[in-house]
Amino acid sequence: MANTIPNPTLLQKNLLKWFDQYKRDLPWRRTRDPYAIFVSEMMLQQTQVKTVIPYYKRFLQRLPDWKSLAKANEEMVLKLWEGLGYYRRARNLMAAAQKIIRDYDGELPDTMEKILEIPGIGPYSAGALLSIAYQKPYPVVDGNVIRVFSRLFLLKGNLKTGKGHKKVWEWAHKLISHQRPGDFNQAVMELGATVCLPENPQCLLCPLLHLCPAARQGLQTHFPQAAKPSVTAEVSMAALFIGRSGKALVKKRSQDEKWLKGMWEFPSAEGKSFEDALRKLELDLKVKAGREELLEVRHQITHHKIRLRFFRATPPHPGPLLDGFKWVKLSGLRRLPFASAQGKLRKWLLDNDA
DNA sequence: TAGGCGTGGAG
DNA sequence: TCTCCAAGCCT
């Protein structure tokens, strides 16, 4: 079957009309403030809309403009970010604010060249900021755009990297609306997030159904084509819960660790088995642990599936605290975190950490 | 270029 | 329970 190319004008018109009628009411769509839009874009990197909303509101309430963010202390910014993940984004956000105050007199620049120099801003975010905050006709490509375009244009192969990815950008450049670039970009993403879903795409609700060759051929779930399956390794870890008078001992991970460098965790170790890991811990900390498993927590970190089992241990002999350890106050542990932001513990732990 | 970086939603 | 992957960036 011929790969018919949808008419760009028609595509824009249908999509924008649908967007006007069905777009979600999101807090960052109620402002034109480049700062607020910038914050939202940083938070939205690899993070779902629903997750971001409460963080976004709290962040803007506490740090409403470039100036307040630029002079904020890092502990406070990380605290506001706690639980969102990818903590480098929080530091980049601060660095961005400082740069904008220092180099641009407190105004987000409006050229691609300058925007790309801002820490934490790559091709996607630059396009989003220029189109949404400044109505400039730059496209965006994210996971949604890849999925929508792969179906609309029957794009084959891996579209996340290399030539395939470049192809998606070329389509995005061709299709961007010059009248309403910000709305067009958001509309494609909105369609991907609410209608053109990875599984069970809602084609009957799609404003582009009549333009979509994948849907016409019943191939919508065959696009985008699956990337090569990633090999994941299974890792066994043991962790110690060492409590004393309402407090628990936590440890800062070293910079030599494979993951979560510099983050706080309950003392843990890897091993060939849980027992093996537990013995290492006992040896390292010079403590004796019980063999009764308190809890098993599972974690996914790039290409690793981790099972972390917690065991109770009696506190080490009181004396000077070892370097990199500290006691945190806990009243009740409902969930045990694996590790957390640099110098911080995850919120359900800090809730109890007066 | 591929791997590291966090957490949680959803099927 | 398991898997996939989300408004990506950096090295």
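Residue numbering restarts at 1 for every chain, and letters A, B, ... go by the order of the sequence lines.
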Check your understanding: With a 4.5 Å heavy-atom cut-off, do A/Trp18 and A/Leu191 have their side chains touching?
Key -> yes

Practice item. Between A/Asn200 and A/Gly162, just flag the one whose closest nucleotide in DNA chain B comes earlier from the 5' side. Key: A/Gly162

Exercise for review: Describe the nucleic acid contact of A/Ser125 in one word from base, sugar-phosphate, nothing, applying a heavy-atom distance below 4.0 Å.
Suggested key: sugar-phosphate

Point to revise | A/Asp105 atom CG, over 12 foreign heavy atoms within 6.0 Å | key: no

Exercise for review: For C/dT1 and B/dG8, measure between their C1' atoms and round to the nearest Å.
Suggested key: 16 Å

**Study point:** Base B/dG6 paired with A/Thr47 side chain (donor-acceptor, <3.5 Å)
**Key:** yes

Point to revise | Salt bridge A/Asp25-A/Arg30, side-chain N to carboxylate O under 4.0 Å | key: yes

Exercise for review: Tell me which nucleotide among B/dG6, C/dC9, C/dA7 gets nearest to the side chain of A/Tyr86.
Suggested key: B/dG6

Check your understanding: Can you check the A/Gln225 CD to C/dC5 P distance for me, whole Å?
Key -> 14 Å

Point to revise | Between A/Phe59 and A/Tyr55, ring centroids under 6.0 Å | key: no

Practice item. Looking only at side-chain atoms of A/Thr51, point me to the closest of B/dG9, B/dG6, C/dC9. Key: B/dG9

Review point. How far does the C1' atom of C/dA6 sit from the matching atom of B/dT1, given to the nearest Å?
Key: 22 Å

Check your understanding: Of A/Gly85 and A/Lys163, whose nearest nucleotide on DNA chain B comes first from the 5' end?
Key -> A/Lys163

Point to revise | Along DNA chain C (nearest heavy atom to each residue), the more 5'-positioned of A/Trp28 and A/Pro119 | key: A/Trp28

Practice item. Please determine if A/Arg291 and A/Glu275 form a salt bridge, counting it only when a charged side-chain N lies under 4.0 Å from a carboxylate O. Key: yes

Exercise for review: Let me know the distance between OH of A/Tyr55 and P of C/dA7, rounded to the nearest Å.
Suggested key: 17 Å

Study note, to complete from the structure: Side-chain atoms of A/Arg29 come closest, of C/dA7, C/dC9, C/dG8, to C/dA7

**Study point:** Residue closer to the 5' end of DNA chain C, A/Gly120 versus A/Glu41 (nearest nucleotide)
**Key:** A/Glu41

Exercise for review: For DNA chain B, produce a single dot-bracket line, 5' to 3'. Pairs: Watson-Crick or G-U wobble, both distances under 3.5 Å. Symbols: ( ) within strand, [ ] crossing, | other strand, . unpaired.
Suggested key: .||||.|||||

**Study point:** Gap in Å between the two P atoms, one belonging to B/dG6 and one to C/dT3, rounded
**Key:** 23 Å

Review point. Just to confirm, is there a sub-4.0 Å distance from OP1 or OP2 of C/dA6 to any side-chain nitrogen or oxygen of A/Gln48?
Key: no

Point to revise | Salt bridge A/Arg309-A/Glu293, side-chain N to carboxylate O under 4.0 Å | key: yes

Revision key, fill the gap. In whole angstroms, the gap separating P of C/dA7 from CG of A/Asp183 amounts to 18 Å

Review point. Can you tell me how far C1' of B/dT7 sits from CD of A/Gln45, to the nearest Å?
Key: 15 Å

Check your understanding: What's the CG-C1' distance between A/Leu84 and C/dG8, to the nearest Å?
Key -> 14 Å

Point to revise | Ionic contact status for A/Glu282 with A/Arg279, cut-off 4.0 Å | key: no

Practice item. Nearest whole angstrom, please: distance from the C1' of C/dA7 to the CG of A/Leu129. Key: 11 Å

Practice item. Using the P atoms only, state how far B/dA2 lies from C/dA7, rounded to an integer number of Å. Key: 23 Å

Review point. Is the phosphate of B/dT7, meaning OP1 or OP2, less than 4.0 Å from a side-chain N or O of A/Tyr87?
Key: yes

Practice item. Just compare C/dA7, B/dG6, B/dA2 and give me whichever is closest to any side-chain atom of A/Arg89. Key: B/dG6

Exercise for review: Looking at every strand, decide which applies to A/Pro198 at a 4.0 Å heavy-atom threshold: base, sugar-phosphate, or nothing.
Suggested key: nothing

Review point. With the threshold set at 4.0 Å, does a side-chain nitrogen-carboxylate oxygen contact exist between A/Glu292 and A/Arg312?
Key: no

Point to revise | Atom pair distance, as rounded to whole Å: NE2 in A/His165 and P in B/dA2 | key: 13 Å

Review point. Which nucleotide sits closest to the side chain of A/Gln186: B/dA10, C/dA7, C/dC9?
Key: C/dA7

Practice item. Could you tell me whether A/Asp20 and A/Arg180 have a side-chain N and a carboxylate O separated by less than 4.0 Å? Key: yes

**Study point:** Nearest-Å distance for atom pair CG/C1', residues A/Leu44 and C/dC5
**Key:** 15 Å

Point to revise | N/O donor-acceptor pair, side chain A/Arg88 with base C/dC9, under 3.5 angstrom | key: yes

